[in-house]
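Below you'll find the structure, written out as structure tokens, and then a few comments.
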Amino acid sequence: MKDQRTVFMTQAAMIAAIYVALTYAFAPFSFGEVQIRISEALTILPVFTPAAVPGLFIGCFIGNILGGAILPDIIFGSLATLIGAFFTYRLRDRNRLFAPLPPIIANTVVVPFVLHYGYGVPLPIPFMMLTVGAGEIVSCGVFGMVLYAALWKYKNLLFQK
């Protein structure tokens, strides 16, 4: 019998590692005013396992550090991913079509303020909310739902609880 803590930690670590690898591999698209962070597609994973919540937070934290982000981005960007992942987990038993909404909303609200006040991007915050939000819709809404569809039929095999 598997120790549940070991399974949880292993799943969280694997999700964090995949998040970091995707963020780093697609770094030119993962940062900036217009960003499509491919790794944000993984924010659908809390539907399958609670281990995704800390895994996504740690992955985003490390990905931001390796990507050369400044401290406010490392902190608040990672917290936005944590908030999005937590609320995706909370929605898991409801309508799963809404699962991508928490990370889209959290990043659309938080990241433009980090870009404006942390990096000094002179664009208006509402405009950056549109650009960041559009990127989140692509990464979480489109790619995340593609990942969801691919994993759904294997959920019992991949994500044992």
Side-chain angles (χ1 to χ4, degrees), residues 4-69 73-112 114-115 129 131-161:
Q4 294 302 315
R5 291 175 294 175
T6 303
V7 171
F8 184 92
M9 290 190 320
T10 302
Q11 287 177 348
M14 291 301 297
I15 290 166
I18 294 167
Y19 190 102
V20 171
L22 288 172
T23 301
Y24 195 70
F26 295 101
F29 309 110
S30 297
F31 300 94
E33 305 85 56
V34 179
Q35 57 179 259
I36 299 176
R37 189 175 276 202
I38 305 297
S39 50
E40 284 288 301
L42 299 176
T43 59
I44 199 70
L45 294 179
V47 168
F48 299 101
T49 177
V53 176
L56 290 165
F57 172 70
I58 293 166
C60 184
F61 187 82
I62 295 169
N64 284 343
I65 290 171
L66 292 177
D73 194 4
I74 293 168
I75 294 169
F76 294 109
S78 301
L79 286 174
T81 297
L82 177 63
I83 290 166
F86 173 76
F87 284 104
T88 296
Y89 176 72
R90 295 294 306 250
L91 287 174
R92 75 192 179 285
D93 293 329
R94 293 170 182 82
N95 188 340
R96 290 189 177 103
L97 293 176
F98 295 129
L101 289 179
I104 292 171
I105 293 167
N107 283 290
T108 298
V109 171
V110 172
V111 172
V114 172
L115 292 171
M129 285 180 166
T131 62
V132 171
E136 286 293 311
I137 288 169
V138 171
S139 59
C140 300
V142 176
F143 297 150
M145 291 308 287
V146 168
L147 179 61
Y148 172 84
L151 293 176
W152 182 251
K153 68 172 151 177
Y154 301 107
K155 68 180 187 282
N156 293 328
L157 177 65
L158 296 171
F159 301 102
Q160 298 173 2
K161 295 180 181 182

Side chain to side chain donor-acceptor pair (under 3.5 Å) contacts in which one or both residues fall within residues 52-61, not counting sequence neighbours: none
Residues in side-chain contact (heavy atoms from CB on, under 4.5 Å) contact with Leu82, at least two apart in sequence or another chain: Val53, Phe57, Leu79
Atom of Arg94, atom of Arg90 and distance for their closest heavy-atom approach: NH1-O, 2.6 Å
Heavy-atom pair of closest approach, residues Gly84 and Ala106: N-CB, 4.1 Å
Qualifying residues under side-chain contact (heavy atoms from CB on, under 4.5 Å), relative to Leu147, sequence neighbours excluded: Leu42, Ile44, Leu45, Leu151
Partner set under ring-ring contact (aromatic ring centres under 6.0 Å, His included) for Tyr148, not counting sequence neighbours: Phe48, Trp152
Leu97 side, atom CG; Met145 side, atom CE - distance, nearest 0.5 Å: 5.0 Å
Side-chain donor-acceptor pairs under 3.5 Å in residues 12-24, sequence neighbours left out?
from  : atom 1 : to    : atom 2 : distance (Å)
Tyr19 : OH     : Arg37 : NH1    : 3.4
Tyr19 : OH     : Glu40 : OE2    : 2.5
Thr23 : OG1    : Tyr19 : O      : 2.8
Thr23 : OG1    : Ser39 : OG     : 2.6

Side-chain (Thr43) to main-chain (Ala85) donor-acceptor, under 3.5 angstrom: no
Least distance between heavy atoms, Ile104 atom then Gly133 atom: CG2-O, 4.5 Å
Closest contact, heavy atoms only, Pro50 versus Pro54: O-CD, 3.4 Å
Sequence-distant partners of Val114, side-chain contact (heavy atoms from CB on, under 4.5 Å), two or more places apart: Asp73, Phe76, Val110, Tyr119
Nearest heavy atoms of Ala52 and Pro46, plus distance in Å: CB-N, 3.5 Å
Closest heavy-atom pair and its distance - Gly77, Cys60: O-SG, 3.8 Å
Separation between CD1 of Ile74 and CG of Asn64, rounded to the nearest 0.5 Å: 6.5 Å
Aromatic Tyr89 / basic Arg92 pairing, under 6.0 angstrom, 45° off normal: yes
Thr131 side, atom OG1; Glu136 side, atom CD - distance, nearest 0.5 Å: 10.5 Å
Any Pro102 side-chain heavy atom under 4.5 Å of Phe86 side chain: no
Spacing of Ile36 atom CD1 and Ile137 atom CD1 [to the nearest 0.5 Å]: 11.0 Å
From Phe61 atom CZ to Thr81 atom OG1, the distance as rounded to the nearest 0.5 Å: 12.5 Å
